[in-house]
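One structure is given here, and the rest of the page talks about it.
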Amino acid sequence: MKFLSVYTTDPKNGGMGPEAQAEMGKLMAETKKAGTLFLTGGILPVAKGGARVRAIGGRTTMDGPFTETKEIVGGFAILEAKSREDAIGMVERFLEIAGDGECQMQRIMEPGEGQAN
């Protein structure tokens with residue numbers, strides 16, 4: 001099963017220090033080698049090229065920054081796991097290193113699999 005994990009954090013956190021970055025690098029290398037991490041990436045702040053596009057009764061595009069935002073998307077990962085519980089364990093391990101924040105995790109639909117309500 002594949003999962004998408006999206007990491008959000010308070011923009012005031014300031015990011016990881018050098019020690020945590022090194023530990024995160026080890027985790028990324030280990031999980032890529034194991035075949036459980038397909039893709040990962042950091043997300044730049046909205047002020048550095050982001051926009052919000054809505055299609056509700058027409059289309060509206062707004063440039064950032066968005067002052068009402070209390071948390072930002074800091075990164076994402078696409079994971080391969082045998083079960084939901086295994087994927088949660090992977091995300092928990094990531095958060096142990098990343099520090100304060102939250103990951104929203106959702107299964108990625110496989111070919112031939114319908115979207116359940």
Side-chain angles (χ1 to χ4, degrees):
M1 290 184 266
K2 288 186 178 69
F3 293 86
L4 170 67
S5 175
V6 177
Y7 172 65
T8 56
T9 187
D10 187 318
K12 296 175 193 157
N13 282 350
M16 292 185 280
E19 190 175 300
Q21 287 178 6
E23 194 173 341
M24 186 63 74
K26 288 178 190 175
L27 176 63
M28 296 298 122
E30 175 187 317
T31 53
K32 282 183 181 181
K33 184 176 180 181
T36 57
L37 178 65
F38 282 96
L39 182 65
T40 186
I43 306 294
L44 291 171
V46 173
K48 293 189 176 190
R52 191 177 286 168
V53 180
R54 284 195 182 133
I56 302 171
R59 188 183 67 107
T60 305
T61 301
M62 296 173 284
D63 292 329
F66 308 115
T67 55
E68 71 277 6
T69 302
K70 292 184 175 60
E71 56 184 29
I72 59 168
V73 176
F76 71 94
I78 297 179
L79 311 168
E80 174 77 28
K82 293 178 184 171
S83 67
R84 176 181 176 271
E85 291 72 24
D86 285 347
I88 289 170
M90 294 166 69
V91 169
E92 288 173 340
R93 190 167 170 207
F94 166 83
L95 286 171
E96 286 173 7
I97 299 169
D100 290 347
E102 175 179 285
C103 287
Q104 178 176 321
M105 188 189 79
Q106 290 179 252
R107 258 191 78 206
I108 296 173
M109 193 179 341
E110 300 287 337
E113 186 175 36
Q115 189 171 8
N117 291 332

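- Taking each heavy atom of M90 and A81 in turn, the nearest pair found is SD-CB, 4.2 Å.
- Hydrophobic clustering, with ILVMFWY side chains joined whenever heavy atoms are under 4.5 angstrom apart, keeps L39 apart from V91.
- Checking side-chain atoms of E80 against main-chain N and O of M1 turns up a donor-acceptor pair under 3.5 Å.
- Between F76 and Q104, every side-chain heavy-atom pair lies at or beyond the 4.5 Å cut-off.
- In the hydrophobic clustering of this structure, M28 does not group with F38; members are Ile, Leu, Val, Met, Phe, Trp, Tyr whose side-chain heavy atoms approach within less than 4.5 Å, directly or through other members.
- In this structure, the side chain of T36 engages the main chain of T31 through a donor-acceptor pair within 3.5 Å.
- For the atom pair NZ of K26 and CE of M24, the computed distance is 12.5 Å after rounding to the nearest 0.5 Å.
- Each of L27, I78, L79 was scored for a side-chain contact (heavy atoms from CB on, under 4.5 Å) with L37, with one residue passing: L79.
- Annotation: Q21, atom CD; neighbour count of heavy atoms from other residues, nucleotides and ligands within 6.0 Å is above 12.
- Here the side chains of F94 and C103 are in contact, with some heavy-atom distance below 4.5 Å.
- Side-chain atoms of R84 and M105, non-hydrogen and from C-beta on, do get closer than 4.5 Å to each other.
- Clustering ILVMFWY residues whenever any of their side-chain heavy atoms sit less than 4.5 angstrom apart, transitively, puts L4 in the very cluster that holds I43.
- Put simply, the side chain of Y7 reaches to within 4.5 Å of the side chain of L95, judged on heavy atoms.
- In this structure, E110 places its CD atom where more than 12 heavy-atom neighbours from other residues, nucleotides or ligands lie under 6.0 Å away.
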